[in-house]
2 protein chains.
Amino acid sequence: MDIPANILIVDDDRDIRTLLAEYLEHNNFRAFVAADGSGMRHLLEKEQIDLIVLDLGLPGEDGLQLCRWLRTKSQLPVVMLTARGEPLDRILGLEMGADDYLVKPFEPRELLARIRNVLRRHQPSVEGESREAKRILFSTWTLDLIARHLLTPQGTAVMLSGAEFRLLKIFLQHANRILSRDQLSILIKGHDADPLDRSIDLQVSRLRQKLEDDAKSPSLLKTVRNEGYILASTVRLEN
Amino acid sequence: MDIPANILIVDDDRDIRTLLAEYLEHNNFRAFVAADGSGMRHLLEKEQIDLIVLDLGLPGEDGLQLCRWLRTKSQLPVVMLTARGEPLDRILGLEMGADDYLVKPFEPRELLARIRNVLRRHQPSVEGESREAKRILFSTWTLDLIARHLLTPQGTAVMLSGAEFRLLKIFLQHANRILSRDQLSILIKGHDADPLDRSIDLQVSRLRQKLEDDAKSPSLLKTVRNEGYILASTVRLEN
DNA sequence: GGCCCTTGACACATTACGTTACAATTTCGC
DNA sequence: GCGAAATTGTAACGTAATGTGTCAAGGGCC
């Protein structure tokens, strides 16, 4: 028998919380509940959660912010609950990166089906090796996702700081797309940037140095004035 | 410059087929329709389909059988349409392996969101083949859309600034059509130009220099007095 | 050909970006 | 916990890209 997966439900409506929790428990999950962001964080530390069901319309920190925050911290799968009329696309898109969503009102068994589906996608490693890429090859470089450093064309390692690694990984995940400073800021820090924030520029500059990419005529990390930055290269995953 | 994804809709209800097809076409997809399994198979051979939207309750061979059959043949992503009350779980489960599903009735934009999501998962920009053109060939030049530079007939790279690249891309997207300064301004900056705005002219002038196109008798970027500019050349996409 | 108007081009203003130095913050070893 | 080292953010200034003003060149119309 399967070890039941731990599901954390974050919703401010007490009735919904308990209803869903009971339903999930009946269907062989372990359910935890939280009413807001701080409760969520608390339980994330205490328990080993496998999936989060997150209401979009929370008071205080809303689900959107929380989802971004989660994404900067972990790979934890997220199923969003939204009221009718939300901009569905963006929830699943770049900016937020939820894995699935449901429009309220919904039938509990539909949530069940979607949870199972997301879990299936996220732990496909039933047999043998995981599907996760362990390295990313681009241009003449390799980013080692396990060791968290760069490999030069010659194969020597270049250390990256945490922020540099995350930034580069994000660029590689969205290769050949223009990423605005706001998007980068959200993907890295979980919140958008102040208008005068230059920290992204600085990180890009530092990354360019490590990539030996001259800012005067960069071949990899290009500037798009008024828009943001773009990593220009084909990219290959490898494990 | 995306090559639109090809979506095949399989549903026995003619109204739904055409409605969805039109909606998808409006949203930058190419839509194909079939009423049953044999129509589906026919189109799969003839066209290069990227995703299938499959009604569960087809007469004859039902969606379930078709989905299984598809799974034995290919990795093609499938979004199922189900009537209320179907055993949702099993649709997504191992047995059938659909990637997502929607319960009828649903809003078209929800289908759109789910299609985009499934496509995003199935062709992460990071690995597989992209459906974006990677270069544009025109006259004797090549515009490399990934590296964002020009290639001379001899194959050496000419760097373009952000604005130059965007402008040239727009001209190529609308090759052999007169583009007014207002149109260009809107396409580049998102708002139309002041009457006295000379910035477009200047950018065109700079672009001509890089294209070695003499303004006195331009062969590529021609001036149409009182109208705007036109890029005169056949254009070919390539990836 | 002369006039008007549009466009091309140069100089310079403006703005966004890159980089350096240093301050603030976090991380890590003890 | 404490202090040192590394990382990250802030401020300031230099530099490159882009927009504005001006004027001259050239086409079209009479």
Side-chain angles (χ1 to χ4, degrees), chain A residues 72-73 148-150 158-170 178-182 184-231, chain B residues 148-150 158-168 170 178-231:
Chain A
T72 65
K73 294 286 178 188
R148 306 191 125 231
H149 60 209
L150 260 178
V158 176
M159 287 312 172
L160 295 179
S161 76
E164 285 161 0
F165 175 78
R166 263 175 299 164
L167 182 63
L168 179 53
K169 192 172 149 198
I170 285 165
I178 296 176
L179 294 172
S180 70
R181 291 178 176 68
D182 261 6
L184 290 168
S185 193
I186 287 168
L187 291 165
I188 290 175
K189 298 185 287 194
H191 58 80
D192 44 346
D194 295 329
L196 290 171
D197 195 347
R198 307 293 313 285
S199 63
I200 296 289
D201 303 55
L202 196 40
Q203 288 297 358
V204 169
S205 167
R206 285 167 178 153
L207 200 47
R208 276 185 178 141
Q209 288 190 349
K210 299 219 170 162
L211 288 168
E212 295 163 15
D213 208 23
D214 182 15
K216 305 289 167 69
S217 64
S219 63
L220 274 173
L221 268 181
K222 308 208 173 194
T223 303
V224 185
R225 194 179 224 253
N226 277 314
E227 306 279 328
Y229 296 96
I230 184 170
L231 183 133
Chain B
R148 309 187 120 234
H149 59 211
L150 261 177
V158 177
M159 290 309 170
L160 296 179
S161 77
E164 286 160 359
F165 175 78
R166 260 177 302 169
L167 182 63
L168 180 53
I170 285 165
I178 297 175
L179 294 171
S180 70
R181 290 180 176 67
D182 262 5
Q183 285 178 301
L184 290 169
S185 192
I186 288 168
L187 289 166
I188 291 176
K189 298 185 288 194
H191 58 80
D192 45 347
D194 297 328
L196 289 172
D197 195 348
R198 308 300 315 284
S199 62
I200 296 289
D201 303 58
L202 197 40
Q203 287 297 355
V204 169
S205 163
R206 285 167 178 153
L207 200 48
R208 276 184 178 144
Q209 289 189 351
K210 299 223 171 160
L211 288 168
E212 295 161 15
D213 209 23
D214 183 15
K216 306 288 167 66
S217 62
S219 62
L220 274 174
L221 268 181
K222 307 200 179 191
T223 304
V224 184
R225 204 181 160 86
N226 282 317
E227 303 285 327
Y229 297 96
I230 185 170
L231 183 134

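As the structure is a prediction and not an experimental result, all values here were calculated from the model. To find a chain, count down the sequence lines: A is the first, B the second, and so on, and within it residues start at 1.
Rounded to an integer number of Å, the gap from B:D213 CG to C:dA9 P is 11 Å. Nucleotide D:dA16 holds its P atom 11 Å from the CG atom of A:D214, rounded to whole Å. Remark: C1' of C:dT19 and CD of A:Q209 are 8 Å apart, rounded to the nearest angstrom. Following rounding to the nearest Å, B:M159 (CE) and D:dA16 (P) show an atom-to-atom distance of 16 Å. Spacing between atom CG of B:L221 and atom P of C:dA9 amounts to 12 Å, rounded to whole angstrom units. If you take NZ of A:K222 and C1' of D:dA16, they are 16 Å apart, rounded to a whole angstrom. Here the C1' atom of nucleotide D:dT8 and the CG atom of A:L167 are 13 Å apart, to the nearest Å.
In terms of heavy atoms, A:G162 sits closest to A:R148 at CA-NH1, 4.5 Å. The two residues B:V204 and B:L167 make their nearest non-hydrogen contact at N-CD2, 4.0 Å.
Looking at residues two or more places apart in sequence or on another chain, you find a salt bridge (Lys or Arg N to Asp or Glu O under 4.0 Å) between A:K189 and A:D197. With sequence neighbours left out, A:K210 forms a side chain to side chain donor-acceptor pair (under 3.5 Å) with A:E164. Every residue two or more places apart in sequence or in another chain was checked for a salt bridge (Lys or Arg N to Asp or Glu O under 4.0 Å) with B:R208, and none qualifies. In this structure B:S205 satisfies the side chain to side chain donor-acceptor pair (under 3.5 Å) test with no other residue, sequence neighbours excluded.
Ionic pairing of B:K222 and B:D213 is not present here: no N-O contact between side-chain nitrogen and carboxylate oxygen is shorter than 4.0 angstrom.
Between B:L168 and B:L221 the shortest side-chain heavy-atom distance does not fall below 4.5 Å.
From B:H149, atom NE2 reaches atom CZ of B:F165 across 10.0 Å, with rounding to the nearest 0.5 Å.
OP1 and OP2 of C:dT6 both lie 4.0 Å or more from every side-chain N or O belonging to B:T223. B:Y229 has no side-chain polar atom (N or O) that falls below the 4.0 Å cut-off from OP1 or OP2 of C:dT6. Using a 4.0 Å cut-off, no side-chain N or O of B:S205 falls inside it from OP1 or OP2 of C:dG8.
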A correct 5'-to-3' footprint of nucleotides 17-30 of chain D, with B, S and - meaning base, sugar-phosphate only and no protein heavy atom under 4.0 Å, is BBBB-B---BB---
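One axis for each end of the helix from C:dG1-D:dC30 to C:dC30-D:dG1, each built from five base pairs, and the angle between them comes to 40° at 10° resolution.
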